[in-house]
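In what follows, a single structure is set out as structure tokens and then discussed.
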Number of protein chains: 2
Amino acid sequence: MAPAGRPRTFDRDEALKKAMLVFWDKGFEGTTMSDIIDAIGMKAPSVYAAFGNKDALFDEVVQLYAGIFYEGPLKALNSADDIGDAIEHCLKAHIEMFTGQEGACSCLLLTAANNCSPEHQQHVVSLRNLRAGYKGALLARFKRAVADGQLTDDANPESLTEFYATCIQGMAMCSKDGASKKSLLDSCEYALGVLKPFLKKA
Amino acid sequence: MAPAGRPRTFDRDEALKKAMLVFWDKGFEGTTMSDIIDAIGMKAPSVYAAFGNKDALFDEVVQLYAGIFYEGPLKALNSADDIGDAIEHCLKAHIEMFTGQEGACSCLLLTAANNCSPEHQQHVVSLRNLRAGYKGALLARFKRAVADGQLTDDANPESLTEFYATCIQGMAMCSKDGASKKSLLDSCEYALGVLKPFLKKA
DNA sequence: ATATTTTTGTAGGTTGTGTTATATAATTCG
DNA sequence: CGAATTATATAACACAACCTACAAAAATAT
């Protein structure tokens, strides 16, 4: 049943998505609450009533983004049994995320809170933790490939993880600088070539 | 001869370096003038008298940083005649810059002004232009290598440029996340391996 | 020595951003 | 219907950040 009281005239989930796109594009500190409020199309008190404050809203946005992230690159990483396929699908899923949105590009986890004032360091830390968690997932995937006997003995999961994290983050920054999807895919091919010498023949 | 008037009690060049380290670490918007003023160890009016305002100071900092940049990675890129050596020296010079400073790390051109409020977009643009200029230098270097007959016919200067720009920016971001010099050098080796198939035997 | 010039420190002005008080509108419950 | 509850809009508060008047201090020039 509908709750008592005047009903909201906007959709909360839609509003959150709009807020995500703004933060994605302009980062935490680069975004003002006025930007958010304008994007949602409501007035300040309605937005504050729905989301609390800027910090809480950003936290929700990060959660939403992380969910999309898990459904994309992370799922791609862990779906394929072959490590070569897994990395390829994963990188390409990243490129989709970097270039797929209208307005926003690159990666919110990487660019939305790099340099914050001391009172907002929490966001810098939480995004850094998410990135570290993702690196952990990459590492686990390479270790699984070792356990599965898919990689040669001289393959080093730690340094492969670091290399591919480098490529992913680098592509994100290039995308922020306007790189086309095609040029990102070119870089992706080079990056995938690095893994080939370590793949055992099937 | 000394100019008339009370002499400055701090060294302007030293103060500029200190300001650079703060901006390098915390970015343009993440840095307050109080941070700068504290780092320099003077009071606000002295700093403003010496540097104008925050925008002008940041511009000077960027100039200073660009100078260091030209002396490091860019010089390394253009000093060696062999393209393999050039890229290797260049990447390693980047790693030195990413990890060499106390306090600051990563790359000021990449991280100091990603997400600015509209009234400071000038800095986002100027750093983006510097990055684009650097990509141009990379491209020119690869084209020179083609002209010098150092690369195979299937080597594509544009996509090689994009790939190495990706690696450099990726390493910068990893360094900001605390990557060790050793792990950056590991990634660097993988990245250099990408060029090898395109190198003609001497 | 006095005037002139420039720096320094205190203290405060101005603006922009995050947030909220208050009154009004729209809905449900009894 | 009237009471209760929640959303909306206007308008304004609070605080922090950038910047600057003003007066005192420290040097040079005549």
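With contacts defined as side-chain heavy-atom distances shorter than 4.5 Å, the pair A:D186/B:E162 does not qualify. A 4.5 Å side-chain heavy-atom check between A:Y134 and A:I168 finds at least one atom pair inside the cut-off. Side-chain contact between B:K181 and B:L185 is present, with at least one heavy-atom pair separated by less than 4.5 Å. Side-chain contact between A:M33 and A:F51: absent, with no pair of heavy atoms (C-beta onward) separated by less than 4.5 Å. Taking the side chain as every heavy atom from C-beta outward, A:F142 and A:V146 never approach each other to under 4.5 Å. For the pair B:R141 and B:T161, the minimum side-chain heavy-atom distance is 4.5 Å or more.
Counting all heavy atoms, side chain and backbone alike, B:Q169 lies closest to A:C174 at OE1-N, 4.0 Å. Between A:P157 and A:K143, the shortest heavy-atom distance links the atoms CB-CG, 4.1 Å.
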So which protein nitrogen or oxygen atoms get under 3.5 Å of nucleotides 15-17 of chain D's nitrogens or oxygens?
none

Atom pairs, N/O to N/O, protein against nucleotides 7-11 of chain C, distance under 3.5 Å?
unit_1: C:dT7; atom_1: O4'; unit_2: B:R6; atom_2: O; d: 3.2
unit_1: C:dT7; atom_1: O2; unit_2: B:R6; atom_2: NH1; d: 3.2
unit_1: C:dT8; atom_1: OP1; unit_2: B:T9; atom_2: N; d: 2.7
unit_1: C:dT8; atom_1: OP1; unit_2: B:T9; atom_2: OG1; d: 2.6
unit_1: C:dT8; atom_1: OP2; unit_2: B:S46; atom_2: OG; d: 3.0
unit_1: C:dT8; atom_1: O5'; unit_2: B:S46; atom_2: OG; d: 3.3

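Protein atom CG of A:D35 is 8 Å distant from nucleotide atom P of C:dT17, rounded to whole Å. If you take CD1 of A:I40 and C1' of D:dA9, they are 16 Å apart, rounded to a whole angstrom. When the C1' atom of D:dC13 is taken as reference, atom CG of A:N53 falls 17 Å away, rounded to whole Å. Put simply, NE2 on B:H120 is 15 Å from P on C:dT15, counting in whole angstrom units. Straight-line distance from the CD atom of B:E29 to the C1' atom of C:dG16: 12 Å, rounded to whole Å.
For the contact set between residues 14-22 of chain B and DNA chain D, defined by any heavy atom under 4.0 Å, there are no members.
Under a cutoff of 6.0 Å and an axis angle of 45°, A:K54 and A:F28 form a cation-pi pair. By the 6.0 Å and 45° rule, A:R8 stacks over the aromatic ring of A:F10.
The environment of A:E119 atom CD is dense: over 12 non-hydrogen atoms of other residues, nucleotides or ligands sit within 6.0 angstrom.
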